[in-house]
Amino acid sequence: MTKRSRAASPHLFRWRVEIPHQSGDTGPDGTPDTGVHLFIVDASEADHALEQALARAESEDARRHRRHTPLAVDLHRVSVVKLCHVA
């Protein structure tokens with residue numbers, strides 16, 4: 001019996017990435033009207049997950065969904081959370 005050698009592949013994890021955006025409008029109390037664009041991506045590391053989410057956020061569908069409001073890519077406000085291991 002021979003053992004098969006597996007090609008070295010990175011472990012993938014599922015990540016939840018939340019990127020804030022501002023509409024430019026103000027709410028009833030005068031504060032800026034903001035929202036969060038949520039992405040679920042598979043990546044080996046948090047940095048890769050953020051890169052994938054940012055690329056998807058710049059797609060035409062994503063921009064239309066948030067009514068073409070600009071993203072607020074301030075790393076203190078962006079949330080990247082590991083959810084689980086992807087088999």
Side-chain angles (χ1 to χ4, degrees):
M1 181 187 315
T2 61
K3 285 187 177 182
R4 282 189 187 172
S5 63
R6 288 189 189 182
S9 62
H11 292 286
L12 289 180
F13 299 95
R14 185 146 295 151
W15 302 83
R16 182 184 77 214
V17 181
E18 295 178 359
I19 305 171
H21 60 84
Q22 273 188 331
S23 69
D25 297 330
T26 57
D29 59 355
T31 60
D33 190 17
T34 61
V36 175
H37 213 125
L38 172 69
F39 296 94
I40 304 296
V41 297
D42 293 343
S44 57
E45 298 178 18
D47 292 343
H48 295 131
L50 179 57
E51 288 173 15
Q52 286 183 35
L54 287 172
R56 287 174 50 189
E58 292 304 326
S59 73
E60 183 57 34
D61 286 341
R63 284 183 285 167
R64 186 173 49 247
H65 179 73
R66 68 176 183 268
R67 297 181 181 96
H68 296 279
T69 59
L71 295 172
V73 187
D74 175 4
L75 294 181
H76 298 325
R77 296 177 56 203
V78 171
S79 170
V80 181
V81 177
K82 187 188 300 184
L83 299 176
C84 62
H85 184 265
V86 178

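Here, residue 1 is the first one in the sequence, and each next residue gets the next number.
Put simply, the residue from L54, V81, L50 that forms a side chain to side chain contact (heavy atoms under 4.5 Å, CB included) with V17 is L50.
Between the CH2 atom of W15 and the CG atom of L83 there is a distance of 9.0 Å, given to the nearest 0.5 Å. How far CZ of F39 is from CZ of R56: 6.0 Å, rounded to the nearest 0.5 Å. Separating the NE2 atom in H37 from the CZ atom in R63 is a distance of 11.0 Å, to the nearest 0.5 Å.
A53 approaches V41 most closely through the heavy-atom pair N-CG1, 4.3 Å. Between I19 and A57, the shortest heavy-atom distance links the atoms CD1-CB, 4.4 Å. When every heavy atom of Q52 is checked against every heavy atom of D42, the shortest pair comes out as NE2-O, 3.0 Å.
Looking at residues two or more places apart in sequence or on another chain, you find a side chain to side chain contact (heavy atoms under 4.5 Å, CB included) between E18 and R16, V36, L38, S79. With sequence neighbours excluded, the residues that form a salt bridge (charged side-chain N to carboxylate O under 4.0 Å, His left out) with D61 are R64. Listed by chain and number, the residues in a ring pair (Phe, Tyr, Trp, His ring centres under 6.0 Å) with H48 amount to none (sequence neighbours excluded).
Between H11 and H85, the ring planes lie tilted relative to each other; the angle falls in the 30° to 60° range.
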